[in-house]
Amino acid sequence: MSSETISDNLSSAPNIIEEATRRYPFQAIERRWQQQWAEAGVYRTTENKDRPKYYVLDMFPYPSGSGLHVGHCKNYVPGDVVARFQHMRGHNVLHPMGWDAFGQPAEQDAIKRNINPRLVVPLLAKEYKRQMNLLGIGYDWDREINSTSPEYYRWNQWAFLRLHEKGLAYRKTAPVNWCVNESTVLANEEVNDGTCWRCDGPVVKKDLPQWFFKITAYAEKLLAGLDRIDWPEGVKTQQRDWIGRSEGVEFDIPVLASPGAGTIRVFTTRVDTVYGMSFVVLSPEHPLVESITTEAQRGEVAVYREKAARLSDMDRTAEGRERTGVFTGAYGTNPVSGHRVPIYLADYVLTGYGTGAIMAVPAHDARDFEFARRYHLPIPVVIVATEAEVAQPPLDGSGMTEAFTAKDGLTVNSDRFSGLPVKVAGWRIAEWMESEGIGVRRTNYKLRDWLVSRQRYWGTPIPIIHCPQCGEVPVPLADLPVVLPDVENYKPTGDGRSPLAAIADFVNVSCPRCGGAAQRETDTMAGSVDSSWYFLRFTSPGSEKEPWDRRAADYWMPVNRYIGGREHAVGHLLYARFFTHFFYDEALISTDEPFASLSNQGMLLAETTIDADSAEKHPVKRSELVGFDFDSWLARWKSGGAFAAERVIKDTETGGERVEPVSIDFAWLKMSKSKENAVTPDYIAEKYGSDSLRLYILFEAPFEDTIQWSEERMTGVFRFANRVWDVVTGVADTYDPSWPDKVGAAADTDSAQKVLRRRTHQAIIKVTDDIAEFRFNTAVSALMIHSDALRKHILAHGAASPAVFEAAATLIKLLSPLAPHIADELWERLGHSGNYLYNAPWPAADSSVAAPDEITLIVQINGKLVDRLTLPADADAKTCELSALDSPKIKAATQGKTIRKIIFVPGKLVNVVVG
RNA sequence: GCCCUUGUAGCCCAAUUGGUAGAGGCGCUUGCCUUAGAAGCAAGUUAGUCGGCGUUCGAGUCGCCGCAAGGGUACCA
């Protein structure tokens with residue numbers, strides 16, 4: 001990227017456009033068509049009975065205050081291309097857009113500016129909508145939805161109650177992620193490396209009563225459904241790993257000679273190693289700890305438990321951290337061997353998984369091994385690698401340097417189960433334990449229930465009333481929605497309750513069941529609830545009596561093509577699948593998997609100034625740098641890497657400023673306004689036009705690939721748009737719309753027209769396949785080739801022939817999903833007025849016209865290219881082989897050698913194998 | 001650590017079920033046009049596909065082992 005380009009990016013004044021770079025009148029054209037489309041309601045959804053349906057959906061965005069930048073085109077443009085393409089191909093298309101505007105960003109903004117988010121959201125949505133229209137995205141705005149409107153969120157409440165009724169929404173006190181800075185609870189996916197995703201502050205465990213949805217009840221269905229959907233394998237793998245199904249055995253370990261003797265239930269997937277158990281470990285929070293700990297150990301145990309509770313997740317999982325624990329003083333019995341084993345407490349055992357207790361087999365588990373080493377516990381060997389070792393099994397693993405964890409060994413020292421392959425031993429031991437009543441086979445999941453309550457203001461109120469007499473009482477359906485009241489103060493209380501708790505009118509109600517005084521739940525729902533069913537709402541957004549119209553949902557679902565970022569692989573996509581499966585089970589819809597196919601767009605990166613001394617590539621705002629000038633700074637950087645600069649830091653408390661030195665580097669980081677590396681669509685639309693921006697995004701790299709923003713490269717597609725303009729407007733004067741009746745005959749008598757027709761039909765085939773397969777980059781390339789072929793044909797043969805008209809009309813049609821404004825304009829200039837290409841039929845390819853007359857036959861000897869021959873396209877195997885053997889080069893090369901085999905690939909090559 | 005993805009000209013990227021390594025774009029060079037530049041047009045320019053082994057008549061493409069980059073996830077018993 002040249003320095004010139006970058007300085008252009010920075011320019012906020014679009015009126016520096018040089019006259020010379022403006023070729024075709026894209027500004028007027030784009031404005032005009034956007035207006036016409038809107039007035040004519042071109043993109044209004046149809047449900048024509050004669051047409052199949054196609055539902056294309058972009059992930060529900062939060063309309064942020066920064067507006068759109070060109071990076072957003074990476075997700076919205078391809079969806080638009082597909083919608084247009086499928087409509088032209090004869091589908092009823094549903095392509096809606098709406099606003100996922102509840103949640104933290106809006107609320108943080110409200111707190112900062114002290115404005116009710118209720119007032120801000122419509123403004124932000126309006127700005128998003130303006131920019132999406134500016135890009136020429138053809139959404140059906142009649143179906144726009146807003147998750148913060150009571151008409152929408154009342155159905156969140158309805159869904160909550162439905163789940164509650166089935167026992168799938170429940171409340172329990174649970175340790176949750178607590179952000180110390182923000183005094184708020186975070187979902188697991190909102191915690192990065194033990195820090196808050198927003199403020200990077202520390203996150204600790206805190207016990208609070210919380211609402212959960214029992215997604216774990218759907219673990220099997222969510223797992224099985226993955227096999228039936230066309231999603232990227234990587235995303236499916238991530239979901240499978242997240243659900244984390246594992247099969248094993250659960251059994252009890254009796255506690256010996258202890259004050260509160262009982263049993264400890266453990267879960268293991270390696271029951272084949274059960275004879276190698278040398279101790280038992282409980283999680284620090286395990287309920288039995290109190291009762292089994294001996295007097296002598298009580299003090300030590302208490303200290304350890306307290307320390308564990310205070311540790312943040314970050315500390316607890318810190319890299320290379322020592323595996324620590326404490327002895328309880330108690331012992332248990334290995335139920336299969338009768339051996340006595342000590343019982344420890346250690347924080348490497350998690351409360352939330354399995355039974356919160358494990359059998360420790362140090363010889364064959366890396367964690368247990370480390371622990372045993374540290375506390376000098378025995379390391380009995382029960383698995384070996386070879387037959388030889390079975391004969392003379394080592395008893396003690398104290399000489400081992402690491403645990404032997406391979407799953408293809410043989411058992412030893414395992415009583416009657418010795419000498420068996422690990423898998424067989426596991427199977428037999430499990431069977432035996434079950435028959436003896438010692439243990440049972442069980443399946444466990446890593447998946448946890450979905451935490452949906454938040455102690456925040458800006459969300460859907462949870463429709464539950466707490467009654468001292470009746471307990472948890474659902475708000476009657478007739479009383480929905482429970483409207484989110486206005487509030488003076490948006491800040492969380494800091495005691496774990498939402499600001500709603502301070503509104504007496506809201507909180508104090510009478511119990512719907514007994515009529516007595518009761519209190520409303522003051523938690524609100526996580527934003528992930530809103531986005532878990534919005535795709536159903538889009539099928540009938542005006543539905544007042546029900547969340548969706550059954551007929552409409554059955555017609556449109558599932559979403560044919562869902563487009564969004566990879567970051568939602570396990571959060572949103574899993575929740576949405578869960579809701580859909582649930583609604584299916586409730587017989588409310590006929591589809592259980594909401595998204596038949598999924599596509600993840602790549603990121604868009606931009607050149608960013610960063611702090612060279614930060615390992616994490618911290619961006620430095622350009623506006624903070626003293627005397628910033630991109631050209632010269634980049635030149636300095638290129639000549640010597642990072643360089644010294646000064647930045648102005650504003651002190652938020654005193655309002656003063658100070659200047660401090662900083663070392664500046666450049667890096668490619670995701671585009672965002674906060675990093676000050678963003679380029680707006682408005683700027684590009686003004687300078688090159690939205691069509692060129694769309695083409696750039698589509699052409700620069702494959703859809704899934706990350707691209708590095710380059711205005712310089714954009715000029716390539718801008719030139720292409722201009723060439724298309726020149727070529728087609730050059731045809732307009734002579735254009736005859738009745739060409740379809742004449743083009744066949746014309747091509748029969750005119751070989752140049754025949755060649756042009758062939759290229760036209762090859763372009764149809766290529767572009768059709770490419771768009772259908774999301775290969776937009778090669779589709780654009782094919783159009784470049786086609787437009788160039790047409791241009792050259794006109795130069796040589798003139799613009800007044802049916803084949804030229806066909807080529808020009810086809811070019812525009814094929815281009816129209818990608819660059820809709822210029823296409824509609826040129827279409828009209830050819831005389832097809834009163835028509836939008838969105839409603840025009842997609843061109844049909846005639847494969848006989850596209851087929852070439854001649855082929856180049858490759859002739860190889862032993863797979864190496866020796867000659868090329870030009871032959872008729874329909875030449876058969878015999879003709880090709882004879883021609884090949886007749887070639888002088890082949891004759892020379894096969895002289896005196898035995899021809900062992902001849903391989904013929906029709907239309908491609910002949911390979912002569914000689915010995 | 002584990003999982004996923006990707007390595008092709010100076011750069012971004014093409015290359016049906018294995019079958020001529022190059023479609024397109026950016027950049028660069030030269031020419032035309034121009035008072036000059038920009039824009040445009042024309043012609044040209046560069047790799048043998050990250051490395052190794054294997055399968056095959058034939059490997060950029062398939063398999064295995066490495067290396068590098070990017071992303072995800074992390075004590076899940």
Side-chain angles (χ1 to χ4, degrees), chain A residues 1-2 5 18-23 193 232-238 240-242 244-246 248 266-270 273 281 283 313 316-319 321 323 346-350 352-361 365-368 370-371 444-448 566-567 569-570 600 602-603 668 695-696 699-702 704-708 710 712-717 719-720 722-723 726 766 769 775 777-785 788 791 795 856-868 900-915:
Chain A
M1 180 186 262
S2 81
T5 304
E18 291 166 41
E19 197 58 37
T21 62
R22 185 191 291 156
R23 290 274 323 258
D193 285 335
E233 275 310 314
V235 176
K236 290 207 233 179
T237 305
Q238 273 189 64
R240 285 191 192 102
D241 291 350
W242 191 262
R245 180 194 159 99
S246 63
V266 297
F267 173 75
T268 180
T269 54
R270 290 298 304 274
T273 65
V281 189
S283 73
D313 270 3
R316 204 157 154 166
T317 61
E319 193 111 1
R321 181 167 166 264
R323 232 172 269 298
D347 62 10
Y348 77 89
V349 174
L350 308 175
Y353 183 78
T355 59
I358 60 156
M359 67 168 197
V361 184
D365 180 280
R367 295 153 300 182
D368 299 344
E370 220 180 284
F371 192 87
N444 257 309
Y445 303 91
K446 276 199 261 185
L447 183 69
R448 305 297 154 81
R566 284 181 184 83
E567 65 273 21
V570 289
N600 299 125
M603 284 188 293
W668 289 102
L695 288 169
Y696 166 74
F699 178 65
E700 177 68 0
E704 316 80 41
D705 284 15
T706 293
I707 68 184
Q708 299 181 340
S710 160
E712 188 175 64
R713 288 184 187 285
M714 239 210 66
T715 60
V717 289
R719 283 176 196 150
F720 164 63
N722 278 294
R723 282 200 299 271
D726 290 346
K766 176 74 176 151
D769 286 355
R775 292 188 300 250
N777 55 330
T778 51
V780 175
S781 169
L783 289 171
M784 286 173 167
I785 294 164
D788 209 42
R791 192 163 54 90
L795 282 173
T856 301
L857 185 77
I858 300 307
V859 185
Q860 299 178 328
I861 290 186
N862 291 346
K864 284 199 178 115
L865 176 71
V866 176
D867 203 2
R868 299 157 203 254
R900 299 196 183 278
K901 202 174 1 170
I902 296 180
I903 288 165
F904 173 65
V905 181
K908 289 259 164 76
L909 64 76
V910 169
N911 182 16
V912 183
V913 184
V914 299

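Worth knowing before you read on, the calculation uses all heavy atoms, side chains too, and leaves out hydrogens, waters and symmetry mates. Every chain is numbered from 1 and lettered A, B, ... according to where its sequence line falls, protein lines coming before strand lines.
Residues A:Tyr353 and A:Val235 each lie close to RNA chain B; by heavy-atom proximity, the contact nearer the 5' end of the strand is made by A:Val235.
Looking at heavy atoms from C-beta onward, A:Lys901 lies out of side-chain contact with A:Asn911 at the 4.5 angstrom threshold. Contact check for A:Ser283 versus A:Tyr353: no side-chain heavy atoms found under the 4.5 Å cut-off. Here the side chains of A:Asp788 and A:Met784 are not in contact, with every heavy-atom distance at 4.5 Å or above. No side-chain heavy atom of A:Val361 sits under 4.5 Å from any side-chain heavy atom of A:Thr268.
The phosphate of B:rU5 has neither OP1 nor OP2 within less than 4.0 Å of any side-chain N or O from A:Arg566. Taking 4.0 angstrom as the limit, A:Arg23 places none of its side-chain polar atoms (N or O) nearer than this to OP1 or OP2 of B:rG40. Between A:Ser781 and B:rC13 there is no side-chain polar atom (N or O) within less than 4.0 angstrom of OP1 or OP2.
Atom CZ of A:Arg719 and atom P of B:rG24 are 15 Å apart (whole Å). Distance, A:Gln708 CD to B:rC11 P: 12 Å, rounded to whole Å. Protein atom CD1 of A:Ile358 is 10 Å distant from nucleotide atom P of B:rC76, rounded to whole Å. Atom pair A:Phe699:CZ and B:rC12:P shows a separation of 14 Å (rounding to whole Å applied). Look at CD on A:Glu700: it is 13 Å from P on B:rG25, rounded to the nearest Å. Going from atom CZ of A:Arg240 over to atom C1' of B:rC76 covers 18 Å, rounded to whole Å. Nucleotide B:rC4 holds its P atom 10 Å from the CD atom of A:Glu233, rounded to whole Å. Separating the CG atom of A:Asp365 from the C1' atom of B:rG1 is a distance of 14 Å, rounded to the nearest angstrom.
What you find for A:Thr273 and A:Met359 is that their closest heavy atoms are OG1-CE, 3.6 Å.
Rounded to a whole angstrom, the distance from the C1' atom of B:rA14 to that of B:rU61 is 13 Å. Taking atom C1' in both B:rG63 and B:rC26, one finds a spacing of 37 Å when rounded to whole Å. For B:rG1 and B:rG66, the P atoms lie 12 Å apart once the distance is rounded to whole Å. Only the C1' atoms considered, B:rG60 is 16 Å distant from B:rA23, to the nearest whole Å. Separating the P atom of B:rU46 from that of B:rG52 is a span of 24 Å, rounded to the nearest Å. Taking the P atom of each, B:rA9 and B:rG51 are spaced 10 Å apart, rounded to whole Å. Comparing B:rG48 with B:rC41, their C1' atoms are spaced 33 Å from each other, to the whole Å. Nucleotides B:rC13 and B:rC2 place their C1' atoms 32 Å apart, quoted to the nearest Å.
Pair assignment for B:rG48: none, as no Watson-Crick or G-U wobble contacts are both less than 3.5 Å. A 3.5 Å limit on both hydrogen-bonding distances identifies B:rU30 as the Watson-Crick or G-U partner of B:rA42. B:rA23 is unpaired under the criterion used here, namely a Watson-Crick or G-U wobble arrangement in which both key atom distances are under 3.5 Å. A 3.5 Å limit on both hydrogen-bonding distances identifies no Watson-Crick or G-U partner for B:rU16. Across the strands present, B:rU55 finds no partner; the criterion is a Watson-Crick or G-U wobble pair with both atom distances under 3.5 angstrom. Base pairing of B:rC2: its partner is B:rG72, meeting the Watson-Crick or G-U wobble criterion (both donor-acceptor distances under 3.5 Å).
Without hydrogens or angle criteria, A:Asn862 side chain to A:Val914 main chain gives a donor-acceptor distance under 3.5 Å.
Evaluation of atom-type donor-acceptor distances gives no pair under 3.5 Å for the side chain of A:Thr269 against the base of B:rA77. Residue A:Arg900 places no side-chain atom within donor-acceptor reach of the base of B:rC57, judged by atom type and a 3.5 Å distance cut-off alone.
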**Prompt:** Along nucleotides 14-19 of chain B, 5' to 3', which nucleotides get a B, which get an S, and which get a -, given that the test is a protein heavy-atom distance under 4.0 Å?
**Reply:** S-B--B
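Look at A:Glu370 and A:Arg367 and you find no salt bridge, because none of the NZ, NE, NH1 or NH2 atoms lies under 4.0 Å from a carboxylate O.
Of the candidates B:rC76, B:rG24, B:rG27, B:rG27 carries the atom nearest the A:Glu712 side chain, counting heavy atoms from C-beta on. When each of B:rG25, B:rA74, B:rC3 is scored by its nearest atom to the side-chain atoms of A:Arg723, the top-ranked nucleotide is B:rG25. The listed nucleotides are B:rG25, B:rA77, B:rC26; the one nearest the side chain of A:Met784 is B:rG25. Of the candidate nucleotides B:rC26, B:rG24, B:rC76, B:rC26 has the atom lying nearest to any side-chain atom of A:Arg713.
Applying the 90° criterion around 0 to the glycosidic angle, B:rG48 comes out syn.
Using a 4.0 Å heavy-atom distance criterion, A:Ser246 is classed as a sugar-phosphate-only contact. A:Ile785 comes within contact range of the sugar-phosphate backbone alone, with a heavy-atom separation under 4.0 Å but no base atom that close.
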**Item:** Worked check of salt bridge (Lys or Arg N to Asp or Glu O under 4.0 Å) between A:Arg723 and A:Asp726
**Value:** CA-CA 5 Å; A:Arg723 282 200 299 271; A:Asp726 290 346; over 6 Å; no
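By the ring-ring contact (aromatic ring centres under 6.0 Å, His included) test, A:Tyr696 pairs with A:Trp709, sequence neighbours left out. Residues passing the side chain to side chain donor-acceptor pair (under 3.5 Å) test with A:Arg240 are A:Asp227, sequence neighbours excluded.
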